Undergrad: 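First the structure, which I've put down as C-alpha cells, then a few questions once you've had a look.
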Amino acid sequence: MCGIVGYIGDKNAAPILLEGLSKLEYRGYDSAGIAVAENGKVQLHKAVGKLENLIKKTDGGKKMTETIGIGHTRWATHGKPTENNAHPHAANRFTLVHNGIIENEAALRKHYLEGVKFNSDTDTEVIVHLLEKFVKEDKDVKVAIAHIIGELEGSFALAIIDKEDMNTIYAVKNKSPLLVGKGDGFNMIGSDAMAMIANTDTFYEIHDKEFAVITRDSIEIFTSYAKKVERDSFHAEIDVSDTEKGTYPHFMLKEIEEQPLVIRRIMQQYSDEDGNLVVDKDIIKDIKASDRIYIIACGTSYHAGLVGQTYIEQLAKIPTMSYIASEFVHNMPLLSKKPFFIFISQSGETADSRAVLVKVKEMGHKCLTITNVKGSTLSREADHTMILHAGPEIAVASTKAYTAQMAVLAVLANALSDNPMNLKYELAKTATVMESLCNNRELFHELSKEFFATTRNCFYIGRSTDYYICLEAALKIKEISYIQAEGFAAGELKHGTIALIEKDTPVVAFITREAVNLNTRSNIKEVRSRGAKVLTISLKRISAHSDQIVIGDVDEMFAPLVSALPMQYLAYYAALIRGCDIDKPRNLAKSVTVE
Ligand code: M6R
C-alpha cells in the first residue's frame, strides 16, 4: 500500500524521489506525487495511474533544482484515485504525505476544523490542517507534531516539509512502516529500505508514536512527548541487483525461478557449524512449554501455514491450527491453557496479522514471527523471529516467499521433533526437483494456452496437502489473471460445487499423496463425465500415463514445495497470455498495511 520517500541533501531531489518511488511500486498504488521545495516555495506535481505518468509529466525531474522533497504512491482508501486526492497535501505552511488510515478523522474535523475548506476527499488532509492549527497554538513544530501524535487514531506514517524551514524533513510513524536512511551529506526517509538502497545501506528505525527531525547532516528521533531518544543504526542486507528484473521480463518469473536458490540459502542460513539444521534454543524452549500452536497469517502466508501445521503435527507432535488473521482477531476460538502463536508474513507489516499480535501480547502469550523482512513491525513486536532469507520479493503475487515459508516451517518442525528426519537431504532433493521444473517452463506455457487463454473460471482440486496447494493455486491465478478460480478439497466437489462444471470447464488436479491418489482420480472421472477439461499434476511414482505434468520424486511431505512451481508458472503464463499487468495486478497491494 502507499509508499513514502523523502530526500534532503545537495543533489536535485526530484529524480531521487522518483527513483525511490519506482522501488515502492511493488507495494501497489493508483496515483503518485512529489513535493519539492526551495527558497520558501513548494512545488507539487501529481499524476493518476502509473508512476510513469508522473515521470513523463515532470520529465524525470531532470530540470528541477530543489534539494529537499517528499514523494508518495497512493493506494486509495478515502476518495477516488484522482489528482486532487493524490498526495502530497498542502495547507498554508506545511506539505505532507501519509500512509495509513486516520480512524477518527470525522471527529477531528468536527472538533478542531469547523469552517476549514478541504480540497480533497482524503483523511490525510485533516492532518495537514491540524498541524497548521497546532503550530499556531503551540508555537513550536516539534511540540505540534507531538500534539498531533496524541490526537490521531489509526495508522500513519508521515513525511512533512515546512515552507518556513527548508532545511528539515519531519517523519512521523505509527503502525505504518517508515525508516530513516543515513547518507553522507544527505539523509532520506522511505517506507522500506529498498526505496533508499541505491543511495545508502544504513538505516534507523522509528518506533510507533515516535517522530524524527531530519536535516542534511543530522537525524534526531523523539518520543511522542518530544523527548529525544538514542537509537543505533543498522545495515540492510539487500543486494541492489535483487531489486532489479535483470534479463527477466517480469519480477514474478524471476522470483519463481529463484526458488531452488532460496531453498539452498535457507539450508545454509539455518545450519550450525557441523552442518545440522538448527533453530534458536529459546524458540524451541518456548514452543515446547506450550500445549498448542496457533498459526496466524493472511493470503498466501496462510496457505503456507496450513502446510506448516501438518509439518508441526507430524514431526513435533504438537497440536497446531492455522487461522486467517482478520477472522481470528474478531472471532477468537477458546484458547488452550498454554498457547504459542506463530505469525507468518512475508512483509512483516500486514495490519490484520499485527492486530492479532497486539491482542495476544496483551494477553501475555509468547509468539514467533516468520518473515522475510528483518526489523519489520511483526518481527520487532514478537518474542522471536525466524527469517525467510528469500531476498526481496517485488511481484505482488507471492511465489518464493511462499515456498520459503513452508521450508522454514519444516526446519522449525524438525528441530522440535524428538525423532528428526534428515531434512537437509530432503530439502536438497526438493531444490533439485524445483530446478528441473524451471528447465521445463515451455510446457507450462503451452498448457496455459490450452487451458486458460479464454476461460472465465477454473477449479483446482486435491486432497490432504494437495488441497492446500489448490487454495494457493486459485489465489495465484485469480490475483494476476483475473480468472475466477476456486480451490477445493476434491472430496467436497460432489457436495455442491460440481454443479458448476460444464463442457470445457478447466479443472486442475494435484496428486502427490499416495494414500489419496485413487480417491482424487475418482473425482477426476466425475468431473470429466460432466464435460470438464482436466489437467493433472502428479508425483512421478504415482503418476499415470495421461498426466500432463509429472514432478520428479521427493518425500511426499515436501510435495507442496515442488508442486507450487507448476501452479505458479501456469498462473504466470495465464496472465501473460491474457495481457495482464503481472507484477502489479489491479486493486492489489504487496504490503497490506490497513485492516
Ligand atoms: O506480507 P504478508 O505475507 O503478511 O501478506 C499476506 C498477503 O497479503 C499476501 O500473501 C497476499 O495474499 C499475496 N499477494 C498473495 O500472492
Side-chain angles (χ1 to χ4, degrees), residues 1 25-29 75 175-177 191-192 194 250-253 255-256 259 295-308 322-329 341-357 367-382 385-388 390-406 408-409 468-469 471-482 485 487 564-565 567-572 574-575 580-595:
M1 292 188 163
E25 277 191 286
Y26 78 99
R27 298 168 76 86
Y29 69 101
W75 190 85
K175 296 188 193 169
S176 290
S191 294
D192 64 32
M194 276 192 288
H250 298 100
F251 278 108
M252 184 177 176
L253 187 60
E255 288 160 8
I256 290 175
Q259 291 178 101
I295 295 180
I296 310 290
C298 307
T300 292
S301 299
Y302 167 68
H303 298 152
L306 291 168
V307 175
S322 303
Y323 295 89
I324 294 170
S326 56
E327 283 300 307
F328 189 93
V329 73
F341 286 82
I342 299 180
F343 293 87
I344 309 176
S345 174
Q346 186 283 130
S347 62
E349 298 295 345
T350 301
D352 289 323
S353 298
R354 183 174 187 259
V356 179
L357 191 146
C367 61
L368 157 73
T369 290
I370 298 181
T371 181
N372 204 23
V373 186
K374 198 172 157 188
S376 57
T377 306
L378 285 169
S379 158
R380 278 202 320 270
E381 295 180 355
T385 298
M386 287 177 76
I387 296 292
L388 294 175
E393 191 180 64
I394 314 272
V396 164
S398 184
T399 53
K400 60 176 179 172
Y402 171 60
T403 43
Q405 287 164 342
M406 294 190 281
V408 168
L409 282 158
Y468 302 148
I469 282 287
L471 295 177
E472 174 59 11
L475 176 64
K476 210 84 304 168
I477 203 161
K478 267 189 281 207
E479 66 180 330
I480 58 167
S481 74
Y482 319 135
L565 272 76
M567 67 86 172
Q568 294 167 349
Y569 272 119
L570 289 172
Y572 172 79
C580 302
D581 188 350
I582 295 179
D583 286 338
K584 288 172 250 143
R586 71 183 180 208
N587 304 341
L588 296 184
K590 179 77 181 164
S591 197
V592 185
T593 49
V594 294
E595 276 180 62

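These figures come from a predicted structure and were not determined experimentally. When a ligand or atom number is given, it counts from 1 through the structure's own listing order.
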Undergrad: Apply the test side chain to side chain contact (heavy atoms under 4.5 Å, CB included) to residues Thr385 and Lys374: give CA-CA distance (whole Å), side-chain angles for both, the deciding distance (0.1 Å), then the verdict.
TA: CA-CA 8 Å; Thr385 298; Lys374 198 172 157 188; over 6 Å; no
Undergrad: Under a 4.0 angstrom heavy-atom cut-off, which atoms of ligand 1 come close to Val396?
TA: 13 (C), 14 (N), 16 (O)
Undergrad: Taking distance alone, with N or O pairs closer than 3.5 Å, would you say Lys590 contacts ligand 1?
TA: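 No, there is no polar N/O contact under 3.5 Å.
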Undergrad: Under 4.0 Å from a heavy atom of Lys476: give me the atoms of ligand 1 that qualify, with their elements.
TA: 15 (C), 16 (O)
Undergrad: Quiz question: by atom type and distance under 3.5 Å, do the side chains of Glu349 and Ser376 form a donor-acceptor pair?
TA: no
Undergrad: Below 4.0 angstrom from a heavy atom of Ala397, which ligand 1 atoms are there? Numbered from 1 as shown, please.
TA: 16 (O)
Undergrad: Is a donor from one side chain sitting under 3.5 angstrom from an acceptor on the other, for Glu393 and Ser398?
TA: yes
Undergrad: Nearest to atom 1 (O) of ligand 1, what protein heavy atom do you find, and at what distance?
TA: Ser347 OG, 2.6 Å
Undergrad: Going by distance alone, is a donor N or O of one side chain under 3.5 Å from an acceptor N or O of the other, for Ser301 and Gln346?
TA: no
Undergrad: Could you establish whether Ser353 and ligand 1 come within less than 4.0 Å of each other, counting only heavy atoms on the residue side?
TA: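 No, Ser353 has no heavy atoms under 4.0 Å from ligand 1.
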Undergrad: Check step by step if side chain to side chain contact (heavy atoms under 4.5 Å, CB included) holds for Arg586 and Tyr482.
TA: CA-CA 9 Å; Arg586 71 183 180 208; Tyr482 319 135; 3.5 Å; yes
Undergrad: Could you tell me whether the side chain of Asp583 reaches within less than 4.5 Å of the side chain of Tyr26, counting heavy atoms only?
TA: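 Not in contact.
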Undergrad: What residue and heavy atom of the protein are closest to atom 16 (O) of ligand 1, and at what distance?
TA: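 The protein heavy atom lying closest is Glu479 OE2, 2.4 Å.
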Undergrad: Does ligand 1 have an atom that lies less than 4.0 angstrom from a heavy atom of Glu349?
TA: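 So Glu349 does not count as touching ligand 1.
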Undergrad: For ligand 1, which atoms sit closer than 4.0 Å to a heavy atom of Ser301?
TA: 2 (P), 3 (O), 10 (O)
Undergrad: For the residue pair Leu378 and Ser353, establish whether any side-chain heavy-atom pair is separated by less than 4.5 Å.
TA: yes
Undergrad: Give the atom numbers and elements of ligand 1 that come within less than 4.0 Å of a heavy atom of Ser345.
TA: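 Near Ser345, meaning under 4.0 Å from one of its heavy atoms, ligand 1 has 1 (O), 2 (P), 3 (O), 4 (O).
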Undergrad: Report the member of Thr369, Val592, Asp352 with the shortest heavy-atom distance to atom 8 (O) of ligand 1.
TA: Val592
Undergrad: If you take all heavy atoms of Gly487 and Ala474, which pair is closest and at what distance?
TA: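 It is N-CB, 3.5 Å.
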Undergrad: For ligand 1, which is the ligand I care about here, please tell me if Leu475 has any N or O atom under 3.5 Å from one of the ligand's N or O atoms.
TA: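 Min N/O separation from ligand 1 is not below 3.5 Å for Leu475.
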Undergrad: So, for Tyr29 and Trp75, which heavy atoms are closest and what is the spacing to 0.1 Å?
TA: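 Result for this residue pair: N-CD1, 3.9 Å.
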Undergrad: Between Ala395, Cys298, Ala351, Ser376, which one has a non-hydrogen atom sitting closest to atom 6 (C) of ligand 1?
TA: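 Going through Ala395, Cys298, Ala351, Ser376 one by one, Cys298 has the nearest heavy atom to atom 6 (C) of ligand 1.
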Undergrad: Please confirm whether Gln405 comes within less than 3.5 Å of ligand 1 when only nitrogen or oxygen atoms on both sides are compared.
TA: no
Undergrad: Which atoms of ligand 1 sit under 4.0 Å from any heavy atom of Thr350?
TA: 1 (O), 2 (P), 4 (O), 5 (O)
Undergrad: Over all heavy atoms of both residues, which pair between Val408 and Ile387 is shortest? Give the atoms and the distance, please.
TA: CG2-O, 4.0 Å
Undergrad: Do ligand 1 and Thr300 have nitrogen or oxygen atoms that lie under 3.5 Å from each other?
TA: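 Yes, there is a polar N/O contact under 3.5 Å.
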